[in-house]
Amino acid sequence: MIDLAALRTEPDRFRAAFAARGESVEVAGLLAADEQVRALKHRAETLRAEVNAASKAIGQAARQGGSAVEEAKAKARALGDEAKRVDEERDAAERALHERLLVLPNPCLAEVPVGKDATGNRVVAEWGAKPAFGFAPKAHWDLGPALGIMDFDRAAKVAGSGFVCLRGNGARLSRALISWFLDVHTAEHGYQEWQVPYLVHPQCMVGTGQLPKFHDQFYACKADDLVLIPTAEVPVTNLHTGEILEAETLPLKYTAHTPCFRREAGAAGIGTRGMTRVHQFDKVEVVWFTRPETSAADLLTLRGHAEVLLQRLGLHYRVLELCTGDTGFASAHTYDLEVWSPGTNSWLEVSSCSIFTDFQARRANLRFREKGGKPQFLHTLNGSALALPRCLIALLEQHQQADGSVSVPAPLRPYLGGLERITGNAAVTG
RNA sequence: GGAAAGGUGGCAGAGCGGUUGAAUGCGUCGGUUUCGAAAACCGAUAUGCCCGCAAGGGUAUCGGGGGUUCGAAUCCCCCCCUUUCCGCCA
(Lines give C-alpha, C1' and ligand atoms only; values in the text may rest on other atoms or scores of the structure.)
Protein backbone atom coordinates (compact mmCIF):
# COMPACT_ATOMS: atom_id res chain seq x y z
CA MET A 1 0.00 0.00 0.00
CA ILE A 2 1.22 3.44 -0.82
CA ASP A 3 1.79 6.09 1.82
CA LEU A 4 -1.15 8.51 1.82
CA ALA A 5 0.92 11.22 3.46
CA ALA A 6 3.44 10.92 0.63
CA LEU A 7 0.65 11.06 -1.93
CA ARG A 8 -0.48 14.33 -0.37
CA THR A 9 2.92 15.96 -0.50
CA GLU A 10 4.07 14.75 -3.90
CA PRO A 11 1.07 13.74 -6.01
CA ASP A 12 2.95 14.29 -9.27
CA ARG A 13 5.55 11.70 -8.41
CA PHE A 14 2.78 9.14 -7.96
CA ARG A 15 0.98 10.23 -11.12
CA ALA A 16 4.16 9.62 -13.09
CA ALA A 17 4.78 6.28 -11.37
CA PHE A 18 1.30 4.98 -12.08
CA ALA A 19 1.50 6.18 -15.68
CA ALA A 20 4.82 4.37 -16.13
CA ARG A 21 3.05 1.17 -15.15
CA GLY A 22 0.29 1.87 -17.63
CA GLU A 23 -2.28 2.37 -14.88
CA SER A 24 -4.72 5.23 -14.94
CA VAL A 25 -5.27 6.37 -11.38
CA GLU A 26 -7.41 9.32 -10.37
CA VAL A 27 -5.02 10.93 -7.95
CA ALA A 28 -7.13 14.04 -7.47
CA GLY A 29 -10.13 11.93 -6.49
CA LEU A 30 -8.06 10.05 -3.97
CA LEU A 31 -6.80 13.25 -2.42
CA ALA A 32 -10.34 14.62 -2.18
CA ALA A 33 -11.53 11.42 -0.47
CA ASP A 34 -8.60 11.63 1.92
CA GLU A 35 -9.48 15.22 2.73
CA GLN A 36 -13.08 14.20 3.44
CA VAL A 37 -12.04 11.34 5.71
CA ARG A 38 -9.76 13.61 7.69
CA ALA A 39 -12.48 16.20 8.16
CA LEU A 40 -14.97 13.57 9.32
CA LYS A 41 -12.41 12.12 11.66
CA HIS A 42 -11.80 15.48 13.22
CA ARG A 43 -15.50 16.09 13.76
CA ALA A 44 -16.09 12.61 15.16
CA GLU A 45 -13.22 12.94 17.62
CA THR A 46 -14.27 16.38 18.76
CA LEU A 47 -17.78 15.11 19.47
CA ARG A 48 -16.45 12.07 21.25
CA ALA A 49 -14.30 14.30 23.45
CA GLU A 50 -17.41 16.21 24.47
CA VAL A 51 -19.28 13.01 25.28
CA ASN A 52 -16.38 11.75 27.35
CA ALA A 53 -16.18 15.01 29.30
CA ALA A 54 -19.94 14.94 29.96
CA SER A 55 -19.80 11.34 31.15
CA LYS A 56 -17.00 12.13 33.50
CA ALA A 57 -18.98 15.03 34.97
CA ILE A 58 -22.01 12.78 35.47
CA GLY A 59 -19.88 10.29 37.34
CA GLN A 60 -18.65 12.96 39.70
CA ALA A 61 -22.10 14.47 40.19
CA ALA A 62 -23.61 11.06 40.89
CA ARG A 63 -21.07 10.40 43.60
CA GLN A 64 -21.93 13.66 45.30
CA GLY A 65 -25.61 12.90 44.97
CA GLY A 66 -26.31 15.82 42.69
CA SER A 67 -29.89 16.48 41.63
CA ALA A 68 -29.28 17.43 38.02
CA VAL A 69 -27.97 13.99 37.08
CA GLU A 70 -30.96 12.87 35.04
CA GLU A 71 -30.98 16.05 33.04
CA ALA A 72 -27.27 15.74 32.34
CA LYS A 73 -27.76 12.17 31.24
CA ALA A 74 -30.36 13.15 28.67
CA LYS A 75 -28.04 15.81 27.30
CA ALA A 76 -25.15 13.38 27.10
CA ARG A 77 -27.36 10.84 25.38
CA ALA A 78 -28.23 13.28 22.61
CA LEU A 79 -24.59 14.20 22.20
CA GLY A 80 -23.66 10.53 22.09
CA ASP A 81 -26.17 9.79 19.36
CA GLU A 82 -24.74 12.54 17.23
CA ALA A 83 -21.19 11.32 17.85
CA LYS A 84 -22.19 7.83 16.81
CA ARG A 85 -23.80 9.05 13.63
CA VAL A 86 -20.74 11.02 12.55
CA ASP A 87 -18.48 8.15 13.49
CA GLU A 88 -20.41 5.75 11.26
CA GLU A 89 -20.08 8.21 8.43
CA ARG A 90 -16.36 8.46 9.10
CA ASP A 91 -16.03 4.68 9.17
CA ALA A 92 -17.76 4.25 5.81
CA ALA A 93 -15.63 6.92 4.16
CA GLU A 94 -12.47 5.46 5.63
CA ARG A 95 -13.27 1.96 4.43
CA ALA A 96 -14.06 3.18 0.94
CA LEU A 97 -10.75 5.00 0.75
CA HIS A 98 -8.86 2.00 2.06
CA GLU A 99 -10.39 -0.22 -0.62
CA ARG A 100 -9.25 2.20 -3.28
CA LEU A 101 -5.74 2.22 -1.88
CA LEU A 102 -5.50 -1.57 -1.78
CA VAL A 103 -5.71 -1.86 -5.57
CA LEU A 104 -3.02 0.73 -6.30
CA PRO A 105 0.30 -0.79 -7.39
CA ASN A 106 3.66 -0.02 -5.83
CA PRO A 107 5.52 2.76 -7.66
CA CYS A 108 8.68 1.42 -9.30
CA LEU A 109 12.11 2.63 -8.24
CA ALA A 110 13.59 5.42 -10.34
CA GLU A 111 16.16 3.16 -12.00
CA VAL A 112 13.58 0.74 -13.41
CA PRO A 113 13.41 1.06 -17.20
CA VAL A 114 10.12 2.48 -18.41
CA GLY A 115 8.29 0.17 -20.74
CA LYS A 116 4.85 -0.94 -21.80
CA ASP A 117 5.09 -4.71 -21.47
CA ALA A 118 7.53 -7.63 -21.56
CA THR A 119 9.13 -6.24 -24.70
CA GLY A 120 10.54 -3.43 -22.57
CA ASN A 121 12.50 -5.76 -20.31
CA ARG A 122 16.31 -5.72 -20.53
CA VAL A 123 18.73 -8.60 -20.43
CA VAL A 124 21.30 -7.47 -17.87
CA ALA A 125 23.38 -10.63 -17.57
CA GLU A 126 23.89 -13.96 -19.22
CA TRP A 127 25.81 -16.92 -17.82
CA GLY A 128 27.19 -19.90 -19.71
CA ALA A 129 26.32 -20.77 -23.25
CA LYS A 130 23.70 -22.77 -25.06
CA PRO A 131 24.86 -26.37 -24.93
CA ALA A 132 25.88 -27.86 -28.24
CA PHE A 133 24.42 -31.26 -28.97
CA GLY A 134 25.57 -33.68 -31.62
CA PHE A 135 21.95 -34.73 -31.92
CA ALA A 136 18.48 -33.19 -31.77
CA PRO A 137 17.79 -32.43 -28.11
CA LYS A 138 14.50 -33.72 -26.78
CA ALA A 139 11.93 -31.78 -24.79
CA HIS A 140 11.36 -32.85 -21.21
CA TRP A 141 7.86 -34.12 -22.03
CA ASP A 142 9.53 -36.74 -24.20
CA LEU A 143 12.65 -37.26 -22.11
CA GLY A 144 10.92 -37.57 -18.75
CA PRO A 145 8.31 -40.18 -19.62
CA ALA A 146 10.88 -42.13 -21.67
CA LEU A 147 13.11 -42.33 -18.61
CA GLY A 148 10.13 -43.33 -16.47
CA ILE A 149 10.66 -40.39 -14.15
CA MET A 150 7.74 -38.18 -15.25
CA ASP A 151 4.12 -39.20 -15.75
CA PHE A 152 1.57 -36.76 -17.16
CA ASP A 153 -1.12 -39.26 -18.04
CA ARG A 154 -1.51 -40.61 -14.56
CA ALA A 155 -1.42 -37.12 -13.05
CA ALA A 156 -4.32 -36.20 -15.33
CA LYS A 157 -6.10 -39.33 -14.20
CA VAL A 158 -6.10 -38.20 -10.56
CA ALA A 159 -6.23 -34.41 -10.86
CA GLY A 160 -6.92 -33.38 -14.45
CA SER A 161 -4.72 -31.34 -16.77
CA GLY A 162 -2.00 -29.11 -15.45
CA PHE A 163 -0.50 -31.60 -13.04
CA VAL A 164 2.49 -33.89 -13.17
CA CYS A 165 3.70 -36.93 -11.30
CA LEU A 166 7.37 -37.48 -10.68
CA ARG A 167 8.45 -41.01 -10.21
CA GLY A 168 11.49 -42.96 -9.09
CA ASN A 169 14.65 -40.99 -9.79
CA GLY A 170 12.52 -38.08 -10.98
CA ALA A 171 10.92 -37.73 -7.59
CA ARG A 172 14.25 -38.25 -5.93
CA LEU A 173 15.92 -35.65 -8.15
CA SER A 174 13.25 -33.13 -7.23
CA ARG A 175 13.77 -33.88 -3.55
CA ALA A 176 17.54 -33.60 -4.04
CA LEU A 177 17.19 -30.15 -5.58
CA ILE A 178 15.00 -28.96 -2.70
CA SER A 179 17.41 -30.27 -0.08
CA TRP A 180 20.45 -28.89 -1.81
CA PHE A 181 18.89 -25.46 -2.32
CA LEU A 182 17.95 -25.27 1.35
CA ASP A 183 21.34 -26.52 2.46
CA VAL A 184 23.19 -23.91 0.40
CA HIS A 185 20.99 -21.10 1.69
CA THR A 186 21.23 -22.08 5.32
CA ALA A 187 24.89 -23.14 5.36
CA GLU A 188 26.38 -20.55 2.99
CA HIS A 189 24.00 -17.61 2.69
CA GLY A 190 22.86 -17.19 6.28
CA TYR A 191 19.19 -18.02 5.92
CA GLN A 192 17.04 -19.64 8.57
CA GLU A 193 14.84 -22.44 7.34
CA TRP A 194 11.11 -22.48 8.04
CA GLN A 195 8.30 -24.90 7.47
CA VAL A 196 5.05 -22.98 7.24
CA PRO A 197 1.33 -23.56 6.65
CA TYR A 198 0.25 -24.10 3.05
CA LEU A 199 -3.23 -22.82 3.85
CA VAL A 200 -3.51 -19.26 5.09
CA HIS A 201 -6.05 -16.64 6.05
CA PRO A 202 -7.15 -14.48 3.10
CA GLN A 203 -5.80 -11.53 5.08
CA CYS A 204 -2.26 -12.81 4.43
CA MET A 205 -2.90 -12.47 0.73
CA VAL A 206 -3.87 -8.86 1.30
CA GLY A 207 -0.61 -8.40 3.17
CA THR A 208 1.57 -9.54 0.29
CA GLY A 209 -0.61 -7.96 -2.40
CA GLN A 210 -2.41 -10.85 -4.14
CA LEU A 211 -5.71 -9.67 -2.68
CA PRO A 212 -8.03 -7.99 -3.30
CA LYS A 213 -7.00 -7.57 -6.94
CA PHE A 214 -6.02 -11.07 -8.05
CA HIS A 215 -8.68 -13.14 -6.33
CA ASP A 216 -9.17 -15.48 -9.28
CA GLN A 217 -5.56 -16.64 -9.37
CA PHE A 218 -5.49 -19.01 -6.43
CA TYR A 219 -7.47 -21.79 -4.81
CA ALA A 220 -9.81 -21.00 -1.95
CA CYS A 221 -11.35 -23.35 0.60
CA LYS A 222 -14.54 -21.43 1.14
CA ALA A 223 -15.95 -23.63 3.88
CA ASP A 224 -12.96 -22.80 6.08
CA ASP A 225 -12.13 -19.34 4.77
CA LEU A 226 -8.59 -20.37 3.92
CA VAL A 227 -6.62 -20.16 0.69
CA LEU A 228 -3.92 -22.42 -0.70
CA ILE A 229 -0.69 -20.50 -0.95
CA PRO A 230 0.50 -19.56 -4.45
CA THR A 231 4.02 -19.10 -3.06
CA ALA A 232 5.85 -19.35 0.27
CA GLU A 233 6.16 -15.59 0.09
CA VAL A 234 2.65 -15.35 1.51
CA PRO A 235 3.01 -17.23 4.81
CA VAL A 236 6.63 -16.22 5.35
CA THR A 237 6.17 -12.49 4.74
CA ASN A 238 3.19 -12.46 7.11
CA LEU A 239 5.10 -14.20 9.89
CA HIS A 240 5.90 -10.94 11.69
CA THR A 241 2.60 -9.18 11.11
CA GLY A 242 1.84 -6.68 13.84
CA GLU A 243 5.30 -6.96 15.38
CA ILE A 244 7.86 -4.24 15.97
CA LEU A 245 11.26 -5.82 15.35
CA GLU A 246 14.40 -4.47 16.93
CA ALA A 247 16.62 -2.84 14.33
CA GLU A 248 19.68 -4.87 15.24
CA THR A 249 17.92 -8.11 14.36
CA LEU A 250 17.63 -6.99 10.72
CA PRO A 251 17.99 -8.23 8.14
CA LEU A 252 15.99 -11.36 8.88
CA LYS A 253 16.69 -13.83 6.10
CA TYR A 254 14.28 -16.73 5.85
CA THR A 255 14.02 -19.62 3.44
CA ALA A 256 11.21 -22.12 3.04
CA HIS A 257 10.29 -24.94 0.76
CA THR A 258 6.59 -25.23 -0.02
CA PRO A 259 4.35 -26.47 -2.73
CA CYS A 260 2.70 -23.63 -4.64
CA PHE A 261 -0.85 -23.77 -5.94
CA ARG A 262 -1.99 -21.65 -8.85
CA ARG A 263 -5.17 -21.71 -10.85
CA GLU A 264 -3.46 -20.17 -13.87
CA ALA A 265 -6.83 -18.86 -14.93
CA GLY A 266 -6.67 -17.61 -18.48
CA ALA A 267 -3.32 -19.23 -19.20
CA ALA A 268 -4.73 -22.36 -20.83
CA GLY A 269 -3.05 -23.17 -24.08
CA ILE A 270 -0.05 -20.87 -23.86
CA GLY A 271 3.18 -22.65 -23.00
CA THR A 272 1.33 -25.22 -21.00
CA ARG A 273 2.76 -28.34 -22.55
CA GLY A 274 4.73 -30.55 -20.22
CA MET A 275 5.49 -29.17 -16.80
CA THR A 276 6.40 -25.57 -17.67
CA ARG A 277 3.12 -24.30 -16.23
CA VAL A 278 1.29 -26.46 -13.72
CA HIS A 279 -1.29 -25.92 -11.00
CA GLN A 280 0.96 -27.31 -8.30
CA PHE A 281 4.72 -27.11 -8.05
CA ASP A 282 7.46 -27.02 -5.45
CA LYS A 283 9.61 -24.01 -4.80
CA VAL A 284 12.28 -22.88 -2.40
CA GLU A 285 11.75 -19.23 -1.56
CA VAL A 286 13.98 -16.71 0.17
CA VAL A 287 12.52 -13.72 2.01
CA TRP A 288 14.26 -10.74 3.59
CA PHE A 289 12.97 -8.32 6.21
CA THR A 290 15.42 -5.49 5.93
CA ARG A 291 16.11 -1.80 6.47
CA PRO A 292 15.10 0.84 3.95
CA GLU A 293 18.68 2.09 3.60
CA THR A 294 20.09 -1.25 2.49
CA SER A 295 17.18 -2.84 0.68
CA ALA A 296 18.18 -1.84 -2.85
CA ALA A 297 21.64 -3.34 -2.41
CA ASP A 298 20.14 -6.36 -0.64
CA LEU A 299 18.16 -7.18 -3.76
CA LEU A 300 21.39 -7.77 -5.68
CA THR A 301 22.71 -9.99 -2.90
CA LEU A 302 19.50 -11.99 -2.90
CA ARG A 303 19.60 -12.33 -6.66
CA GLY A 304 23.14 -13.64 -6.36
CA HIS A 305 21.94 -16.32 -3.95
CA ALA A 306 19.56 -17.61 -6.60
CA GLU A 307 22.07 -17.31 -9.44
CA VAL A 308 24.78 -19.31 -7.76
CA LEU A 309 22.47 -22.32 -7.69
CA LEU A 310 22.05 -22.28 -11.45
CA GLN A 311 25.77 -21.80 -11.92
CA ARG A 312 26.67 -24.80 -9.80
CA LEU A 313 24.15 -26.88 -11.67
CA GLY A 314 25.92 -25.85 -14.85
CA LEU A 315 22.76 -24.40 -16.35
CA HIS A 316 22.86 -21.67 -18.96
CA TYR A 317 20.68 -18.75 -17.89
CA ARG A 318 20.12 -15.03 -18.27
CA VAL A 319 18.95 -12.24 -16.00
CA LEU A 320 16.13 -9.93 -17.01
CA GLU A 321 15.46 -6.57 -15.47
CA LEU A 322 11.72 -6.04 -15.77
CA CYS A 323 10.45 -2.73 -17.07
CA THR A 324 7.77 -0.68 -15.33
CA GLY A 325 4.97 -2.17 -17.43
CA ASP A 326 5.93 -5.76 -16.64
CA THR A 327 6.84 -5.41 -12.96
CA GLY A 328 4.42 -7.15 -10.61
CA PHE A 329 1.76 -5.23 -8.68
CA ALA A 330 3.55 -5.17 -5.31
CA SER A 331 7.12 -4.97 -6.56
CA ALA A 332 9.19 -1.82 -7.02
CA HIS A 333 11.99 -3.51 -8.95
CA THR A 334 12.26 -7.06 -10.23
CA TYR A 335 14.92 -9.26 -11.76
CA ASP A 336 13.83 -12.49 -13.40
CA LEU A 337 16.18 -15.41 -13.84
CA GLU A 338 15.49 -17.38 -16.98
CA VAL A 339 17.05 -20.72 -17.69
CA TRP A 340 17.60 -22.07 -21.16
CA SER A 341 15.39 -24.93 -22.35
CA PRO A 342 16.95 -26.48 -25.47
CA GLY A 343 14.08 -28.91 -25.87
CA THR A 344 11.51 -26.15 -26.24
CA ASN A 345 13.97 -23.63 -27.61
CA SER A 346 12.90 -21.01 -25.09
CA TRP A 347 13.84 -19.26 -21.87
CA LEU A 348 11.97 -20.35 -18.75
CA GLU A 349 11.51 -18.15 -15.68
CA VAL A 350 12.86 -20.01 -12.67
CA SER A 351 13.14 -17.09 -10.30
CA SER A 352 11.72 -13.67 -9.76
CA CYS A 353 13.65 -11.51 -7.30
CA SER A 354 11.88 -8.41 -6.08
CA ILE A 355 12.08 -5.53 -3.69
CA PHE A 356 8.72 -4.42 -2.33
CA THR A 357 10.01 -1.38 -0.46
CA ASP A 358 7.49 -0.65 2.33
CA PHE A 359 4.49 -1.68 0.20
CA GLN A 360 3.95 -5.07 1.80
CA ALA A 361 5.11 -3.79 5.18
CA ARG A 362 2.26 -1.27 5.23
CA ARG A 363 -0.28 -3.89 4.24
CA ALA A 364 0.96 -6.55 6.62
CA ASN A 365 2.00 -4.08 9.35
CA LEU A 366 5.68 -5.05 9.54
CA ARG A 367 7.75 -2.60 11.50
CA PHE A 368 11.11 -2.15 13.17
CA ARG A 369 12.56 0.32 15.63
CA GLU A 370 16.01 1.78 16.11
CA LYS A 371 17.07 1.92 19.73
CA GLY A 372 15.17 4.82 21.27
CA GLY A 373 13.53 5.67 17.94
CA LYS A 374 10.01 5.55 16.59
CA PRO A 375 8.65 2.42 14.91
CA GLN A 376 8.88 2.52 11.13
CA PHE A 377 7.96 0.25 8.27
CA LEU A 378 10.69 -2.10 7.14
CA HIS A 379 11.34 -3.28 3.60
CA THR A 380 10.63 -6.76 2.28
CA LEU A 381 12.38 -8.61 -0.53
CA ASN A 382 11.92 -12.05 -1.88
CA GLY A 383 12.94 -14.37 -4.63
CA SER A 384 12.54 -17.92 -5.80
CA ALA A 385 15.69 -19.90 -5.23
CA LEU A 386 14.49 -21.75 -7.06
CA ALA A 387 11.27 -23.01 -8.66
CA LEU A 388 11.49 -26.75 -9.09
CA PRO A 389 9.71 -27.82 -12.29
CA ARG A 390 11.54 -25.50 -14.60
CA CYS A 391 14.88 -26.27 -12.98
CA LEU A 392 14.13 -29.89 -13.55
CA ILE A 393 13.19 -29.20 -17.18
CA ALA A 394 16.41 -27.27 -17.82
CA LEU A 395 18.50 -29.83 -16.00
CA LEU A 396 17.10 -32.75 -17.99
CA GLU A 397 17.18 -30.93 -21.30
CA GLN A 398 20.59 -29.27 -20.94
CA HIS A 399 22.30 -32.32 -19.49
CA GLN A 400 20.70 -34.92 -21.76
CA GLN A 401 22.97 -37.33 -23.58
CA ALA A 402 22.75 -38.88 -27.05
CA ASP A 403 21.54 -42.15 -25.57
CA GLY A 404 18.60 -40.47 -23.82
CA SER A 405 20.18 -40.57 -20.39
CA VAL A 406 20.82 -37.48 -18.26
CA SER A 407 24.00 -36.70 -16.38
CA VAL A 408 23.52 -35.55 -12.81
CA PRO A 409 25.31 -32.31 -11.83
CA ALA A 410 27.99 -32.93 -9.20
CA PRO A 411 26.36 -30.98 -6.30
CA LEU A 412 23.29 -33.22 -6.43
CA ARG A 413 25.06 -36.56 -6.48
CA PRO A 414 25.44 -36.83 -2.70
CA TYR A 415 21.67 -36.42 -2.43
CA LEU A 416 21.09 -39.23 -4.92
CA GLY A 417 23.26 -41.86 -3.36
CA GLY A 418 26.13 -40.99 -5.66
CA LEU A 419 24.09 -41.40 -8.82
CA GLU A 420 25.96 -39.84 -11.78
CA ARG A 421 23.53 -40.55 -14.55
CA ILE A 422 19.81 -41.10 -14.83
CA THR A 423 18.97 -43.90 -17.21
CA GLY A 424 15.73 -45.62 -18.00
CA ASN A 425 14.58 -47.77 -15.15
CA ALA A 426 13.02 -50.87 -16.63
CA ALA A 427 11.49 -51.81 -13.31
CA VAL A 428 9.21 -48.78 -13.21
CA THR A 429 8.50 -47.98 -16.84
CA GLY A 430 5.36 -50.07 -16.96
C1' G B 1 -16.26 -32.96 17.24
C1' G B 2 -17.79 -32.79 23.00
C1' A B 3 -16.56 -30.67 28.03
C1' A B 4 -13.99 -27.21 31.14
C1' A B 5 -10.73 -23.10 32.10
C1' G B 6 -8.53 -19.02 30.07
C1' G B 7 -6.99 -14.80 26.50
C1' U B 8 -4.98 -7.61 30.02
C1' G B 9 1.27 -3.42 28.37
C1' G B 10 8.27 -6.50 26.33
C1' C B 11 7.15 -10.57 30.17
C1' A B 12 4.54 -12.06 34.73
C1' G B 13 0.14 -10.63 36.94
C1' A B 14 -4.01 -7.32 39.53
C1' G B 15 -8.44 -5.05 38.16
C1' C B 16 -14.61 -7.21 37.17
C1' G B 17 -19.60 -0.29 35.55
C1' G B 18 -17.18 5.97 36.92
C1' U B 19 -10.30 10.85 36.49
C1' U B 20 -8.12 2.80 34.76
C1' G B 21 -4.10 3.42 29.10
C1' A B 22 -4.69 0.34 33.09
C1' A B 23 -2.00 -1.42 40.26
C1' U B 24 2.31 -4.33 41.42
C1' G B 25 6.67 -7.12 40.16
C1' C B 26 10.37 -8.30 36.46
C1' G B 27 12.84 -6.57 32.22
C1' U B 28 14.77 -2.28 29.49
C1' C B 29 16.71 2.86 29.35
C1' G B 30 18.58 7.32 32.00
C1' G B 31 20.45 9.29 36.69
C1' U B 32 22.58 9.18 41.92
C1' U B 33 26.30 6.33 44.47
C1' U B 34 31.36 3.73 43.09
C1' C B 35 38.28 3.75 41.17
C1' G B 36 35.02 0.52 38.30
C1' A B 37 31.07 -2.96 38.83
C1' A B 38 27.19 -5.26 41.65
C1' A B 39 23.54 -3.89 45.07
C1' A B 40 20.54 0.07 46.61
C1' C B 41 17.85 4.45 45.55
C1' C B 42 15.39 8.14 42.04
C1' G B 43 13.08 8.77 37.33
C1' A B 44 11.44 7.17 32.52
C1' U B 45 9.45 3.13 29.66
C1' A B 46 2.72 0.76 24.43
C1' U B 47 0.77 1.73 19.46
C1' G B 48 -2.20 4.11 15.51
C1' C B 49 -4.56 8.50 14.01
C1' C B 50 -5.94 13.95 14.47
C1' C B 51 -4.58 19.22 15.94
C1' G B 52 0.16 21.85 17.02
C1' C B 53 6.75 24.77 15.02
C1' A B 54 7.05 22.78 19.77
C1' A B 55 5.52 22.00 24.61
C1' G B 56 1.32 19.71 24.72
C1' G B 57 -3.76 18.40 23.78
C1' G B 58 -7.60 15.11 21.63
C1' U B 59 -9.18 10.22 20.06
C1' A B 60 -9.01 4.90 19.58
C1' U B 61 -6.96 0.28 21.27
C1' C B 62 -7.23 -4.73 27.65
C1' G B 63 -8.07 -11.69 21.43
C1' G B 64 -11.82 -9.93 17.17
C1' G B 65 -16.83 -8.15 16.05
C1' G B 66 -21.65 -6.51 17.72
C1' G B 67 -24.92 -4.90 21.91
C1' U B 68 -26.54 -2.57 26.81
C1' U B 69 -25.21 2.29 29.28
C1' C B 70 -24.39 9.22 30.08
C1' G B 71 -19.97 6.02 30.83
C1' A B 72 -17.34 -0.89 29.51
C1' A B 73 -10.89 -4.08 30.46
C1' U B 74 -15.21 -4.78 33.65
C1' C B 75 -22.27 -6.71 31.94
C1' C B 76 -24.75 -9.48 27.41
C1' C B 77 -24.36 -12.04 22.37
C1' C B 78 -21.40 -14.14 18.27
C1' C B 79 -16.64 -15.58 16.47
C1' C B 80 -11.30 -16.74 16.89
C1' C B 81 -7.19 -18.59 19.59
C1' U B 82 -4.64 -21.16 23.82
C1' U B 83 -4.51 -24.96 27.69
C1' U B 84 -6.48 -29.52 29.94
C1' C B 85 -9.71 -33.84 29.61
C1' C B 86 -12.68 -37.09 26.26
C1' G B 87 -13.49 -38.79 21.18
C1' C B 88 -11.08 -39.44 16.43
C1' C B 89 -6.62 -39.79 13.90
C1' A B 90 -1.10 -39.28 10.49
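Under 4.0 angstrom from either OP1 or OP2 of B/U47 there lies at least one side-chain N or O belonging to A/Arg369.
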Annotated protein contacts, base or backbone, on nucleotides 53-74 of chain B with a non-hydrogen cut-off under 4.0 Å, one of B, S, - each = -----BSS---------BS---

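Every residue two or more places apart in sequence or in another chain was checked for a ring pair (Phe, Tyr, Trp, His ring centres under 6.0 Å) with A/His379, and none qualifies. Considering only residues two or more places apart in sequence or on other chains, A/Arg43 meets the salt bridge (charged side-chain N to carboxylate O under 4.0 Å, His left out) condition with A/Glu82. Partners of A/Pro375 according to the side chain to side chain contact (heavy atoms under 4.5 Å, CB included) rule, which considers only residues two or more places apart in sequence or in another chain, are A/Ile244, A/Arg367, A/Arg369.
The CZ atom of A/Phe377 sits 13 Å away from the P atom of B/U47 (whole-angstrom rounding). Protein atom CG of A/Asp224 is 15 Å distant from nucleotide atom P of B/C79, rounded to whole Å. Atom NZ in A/Lys374 sits about 10 Å away from atom C1' in B/A46, given to the nearest Å. What separates CG of A/Leu97 from C1' of B/C49 is a distance of 13 Å, to the nearest Å. What separates CG of A/Leu226 from P of B/C80 is a distance of 12 Å, to the nearest Å. Between the P atom of B/A46 and the CD atom of A/Glu243 lies a distance of 19 Å, rounded to the nearest Å. Straight-line distance from the CD atom of A/Gln203 to the P atom of B/C80: 17 Å, rounded to whole Å.
Aromatic ring orientation, A/Phe289 versus A/His240: perpendicular (interplanar angle above 60°, classes split at 30° and 60°).
For RNA chain B, the residues of residues 32-42 of chain A within the heavy-atom distance limit of 4.0 Å (strictly under) are A/Arg38, A/Lys41, A/His42, sorted by number.
B/G64 and B/A73: their C1' atoms are spaced 15 Å apart (whole Å). Nucleotides B/G65 and B/G52 place their P atoms 29 Å apart, quoted to the nearest Å. Comparing the C1' positions of B/C77 and B/A72 gives a spacing of 15 Å, expressed to the nearest Å. Using C1' as the reference atom, B/U32 and B/A39 are 13 Å apart when rounded to the nearest Å. The gap from the P atom of B/G1 to that of B/C79 amounts to 12 Å, rounded to the nearest Å. Taking atom C1' on both nucleotides, B/G25 is separated from B/A37 by 25 Å, rounded to a whole Å. The P atoms of B/G6 and B/C75 are separated by 12 Å, rounded to the nearest whole Å. Between the C1' atoms of B/C80 and B/G10, the separation comes to 24 Å (whole Å).
Note on A/Arg154 versus A/Asp151: salt bridge recorded, some NZ/NE/NH1/NH2 to OD/OE distance being below 4.0 Å.
Residue pairs meeting the salt bridge (Lys or Arg N to Asp or Glu O under 4.0 Å) criterion with at least one member in residues 180-203 of chain A, sequence neighbours excluded, are A/Glu188-A/Arg312. Residues in residues 92-116 of chain A take part in these salt bridge (Lys or Arg N to Asp or Glu O under 4.0 Å) pairs, two or more places apart or across chains: A/Lys41-A/Glu94, A/Arg90-A/Glu94, A/Asp91-A/Arg95. Applying the ring pair (Phe, Tyr, Trp, His ring centres under 6.0 Å) rule to pairs touching residues 18-46 of chain A yields nothing, sequence neighbours excluded. Counting only residues at least two apart or in different chains, salt bridge (Lys or Arg N to Asp or Glu O under 4.0 Å) contacts with residues 238-263 of chain A comprise A/Glu248-A/Lys371.
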Residues 140-148 of chain A side chain polar contacts: donor-acceptor under 3.5 Å, at least two apart:
from, atom 1, to, atom 2, distance (Å)
A/His140, ND1, A/Glu397, OE2, 3.1
A/His140, NE2, A/Met275, N, 2.9

For residues 212-225 of chain A, please give each side-chain donor-acceptor pair under 3.5 Å, one per line with the distance, not counting sequence neighbours.
from, atom 1, to, atom 2, distance (Å)
A/Lys213, NZ, A/Glu23, OE2, 3.4
A/Tyr219, OH, A/His279, ND1, 3.3

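Inter-residue side-chain proximity for A/Leu177 and A/Tyr415 is flagged as unmet; no heavy-atom pair is nearer than 4.5 Å.
With pairs defined as Watson-Crick or G-U wobble and both atom distances under 3.5 Å, the stems of at least three pairs that touch RNA chain B come out as B:1-7 with B:80-86, B:10-12 with B:24-26, B:27-32 with B:40-45, B:46-51 with B:56-61, B:63-67 with B:75-79.
Within 4.0 Å of A/Leu79, counting heavy atoms only, lies no atom of the nucleic acid at all.
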